[in-house]
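All remarks here apply to the structure that follows.
All values below were derived from every heavy atom in this structure, side-chain atoms included, with hydrogens, water molecules and symmetry-related copies excluded. Within every chain, numbering begins at 1; the chains are lettered A, B, ... in the order of the sequence lines, protein sequences first and strands thereafter.
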Number of protein chains: 2
Amino acid sequence: MSNKRKKQVTIYDLATELNVAPSTVSRALKDHYSIGKATITAVKELARKRGYRTNILASSLRTRESNTIGVLVPWINRPFISSLIHGVEAAARESGYNVIISQSQDSYDHEVANAKTLFSSRIHALVVSLAMQTTDYEHLEEISSSGTPVIFVDRVPSTLDGHRVVIDNVRSARLATQHLIDQGCRRIALFKGASHQIIYHERECGYREALQANDLRVDDELILTSDHLTLEEGNRLARQLLQSPHPPDGIFSTNDNAAVGAIKCARELGVAVPEQLAIIGFNNDPVCEIIDPPLSSVTHPAVEMGRMALQQALRVANAKMPVTERRIELETQLVPRASSLRRR
Amino acid sequence: MSNKRKKQVTIYDLATELNVAPSTVSRALKDHYSIGKATITAVKELARKRGYRTNILASSLRTRESNTIGVLVPWINRPFISSLIHGVEAAARESGYNVIISQSQDSYDHEVANAKTLFSSRIHALVVSLAMQTTDYEHLEEISSSGTPVIFVDRVPSTLDGHRVVIDNVRSARLATQHLIDQGCRRIALFKGASHQIIYHERECGYREALQANDLRVDDELILTSDHLTLEEGNRLARQLLQSPHPPDGIFSTNDNAAVGAIKCARELGVAVPEQLAIIGFNNDPVCEIIDPPLSSVTHPAVEMGRMALQQALRVANAKMPVTERRIELETQLVPRASSLRRR
DNA sequence: TTGTAGGCGTTATCAG
DNA sequence: CTGATAACGCCTACAA
């Protein structure tokens, strides 16, 4: 009920009370160089006293610049994503921007609808991690080509050449796989997500490269795809493998959740980890230190990726010239723990 | 750079092209009853074709109603909070609202600053979970008394009588403690957060009530306070207790994190869980099922609390009459698991 | 150093 | 059923 709200204080009110023009107030409030010191202090003093708060809506409308950054992610309540958002939000606030978030819930339709809504809010820039379902990017190209910078993070498009903040998935997966090989594994299984998501495709490439570099045969039966890579899925996939005629002696899971499922499965079946089955995950979620045995993993710098994405967004939005560095790659690190370390 | 942006399509453009007045277009777009069927379809058709998107800023300015809900929480990247936000966001979107988030990082100063910024954005309502540091509520009272509904969730103020969505902390804590007693515990320790946060105070009350109801002495040495209740803190507190002359035979931790720390500590010291030390946490985070032994806990319906908070926010914001139901309480449930179940 | 005036895009009011 | 007009609060040429 707008009529229940107290009337807000405007620069007009301050102006009349001080017997100056509204424009003077406006300028004084932002320390415009042409305004007298005395006026500035007087205006600010009164503003404080009257509880004046600049109306960002009006200001944004006038300048055609909102100070709001849109964030569009699959799910907010996942460790990696919530840390990513944490990074975006913290960096945004430091630069004086607000963050407006929405989740696609991994649905393409939601993603399209939310992208439109965010666009209507005249966001300054958009940070996106794609829904699992998404394979075309028209809704995002539209935003981008209208002049609003779009920065992709983690789940980036395969065909669209947009700005992106990523890790080297191929190298990271190669590292993880090589680590298992170094620990003596010869039959290594891979748990991956839907291949049309490029990150999973790349991680598979790294896995294959490592095997080939060590003259190990790639057995397609050991490459398992899951749409969600939940703990339960990981458990199920592991069971399937361990009960097969030729069980693997190592598993590389492209996320930690599914790896934890595998550990639990091994425990249930009485398979010794890491002696009979070495396991490594991906993301280095807190859960790695909680599960027994502790889970080896590869770091995935979520907070940092969020910060970088925001900075890149501002860089692109405020640049005079097109920004040529369209891809920002962050470092990852192997974190070996007991789930894969065999005493030698 | 606004000048890099393509000029946006306005109702004006549509109006000229269709030879009608802008006001007609505006009304047609929202199916105003007084506009002819033919005009409506024509307008909508052209709008679609030209890629028209209503400018929410202008609309909000004019109507003095933004369709944005503010969310102010300590940290986004915590399981309970990110699920809470998930709930708020999902419900908001279903009702046609956007969500703008900011985190206080548990600092009072941040909380005050962010509250001001959100207020400047002319949010429709504000959902808040307090920073650990916060003990005065002027910054929020100001918003509330200006007519913007403020809804507190979980970490609610002790002295301010605002709208709130909570659980029955006393009862929940009583349940948890009684459960340990039922399992044969006689010396039960309590891990709690800063007492000026009412939720911890209430949980302590529940704990005391349960002990007294069973004629067990309350030993103040067993009540340990920690500012953050992290896993490491839990580990440290548990060690302190277990190495004391009279170690406890049960621990009730007011969050799961610290309880996990206690389990790890017990494992490190060779104390059997639950036989020598029964442990129960609070929140029922995913980690409960991952730790070994699985951690007993009390559910804390994060997503549901988020949804309810949003609904209450809209109810209050759009009510003709003051909303009298200022407190919404959700159910919790005891979830016994191996960390506290002693075979009998 | 300050004031004037017009407009950002939308909607509410009042006429027709 | 539709149109003209004025405002929402702020910013920015341009004028003084």
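Applying the 4.0 Å criterion to OP1 and OP2 of D:dC10, one finds that A:Ser26 has every side-chain N and O outside that range.
Across all non-hydrogen atoms, the minimal contact from A:Leu61 to B:Ala58 is CD1-CB, 3.7 Å. Between A:Ile198 and A:Ser158, the closest heavy-atom pair is CD1-CA, 4.0 Å. Heavy atoms only, all atoms of each residue included: B:Gln103 and B:Asn114 are closest at O-ND2, 3.0 Å.
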Stepwise side chain to side chain donor-acceptor pair (under 3.5 Å) check, A:Ser120 with B:Arg53:
CA-CA 6 Å; A:Ser120 296; B:Arg53 309 251 75 221; 2.8 Å; yes
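Using a 4.0 Å heavy-atom criterion, one finds that A:Asp13 contacts no nucleic acid atom at all. Counting any heavy atom pair closer than 4.0 Å across all strands shown, A:Thr54 reaches sugar-phosphate atoms only and no base atom. If you check every strand for non-hydrogen atoms under 4.0 Å, A:Ser59 touches sugar and phosphate atoms only.
Contacts of residues 27-45 of chain A with DNA chain D (heavy atom under 4.0 Å): A:Arg27, A:Lys30.
Across C:dT10, D:dA4, D:dG9, the shortest atom-to-atom separation from the side chain of B:Asn55 is found for C:dT10.
Side-chain atoms of B:Arg62 and base atoms of C:dT10 include no donor and acceptor less than 3.5 Å apart. Side-chain to base pairing of A:Ser23 with C:dT2: no donor and acceptor N or O lie closer than 3.5 Å to each other.
Atom CG in A:Leu61 sits roughly 9 Å away from atom C1' in C:dG7 (whole-Å rounding). Following rounding to the nearest Å, A:Tyr12 (OH) and D:dC10 (C1') show an atom-to-atom distance of 9 Å. In this structure, CZ of B:Arg64 is placed 19 Å from P of D:dA6, rounded to the nearest angstrom. Regarding A:Ile11, its CD1 atom lies at a distance of 14 Å from the C1' atom of C:dT2, rounded to whole Å.
Within a 6.0 Å sphere centred on CD of B:Glu142, other residues, nucleotides and ligands contribute 12 heavy atoms or fewer.
A side-chain N or O of B:Tyr108 and one of B:Asp136 form a donor-acceptor pair less than 3.5 Å apart.
Of the charged side-chain nitrogens involved, none lies within less than 4.0 Å of a carboxylate oxygen, so that B:Arg307 and B:Glu304 do not count as a salt-bridged pair.
Taking for each of B:Asn19 and A:Leu57 the nucleotide of DNA chain D with the nearest heavy atom, the 5'-most of the two is the partner of B:Asn19.
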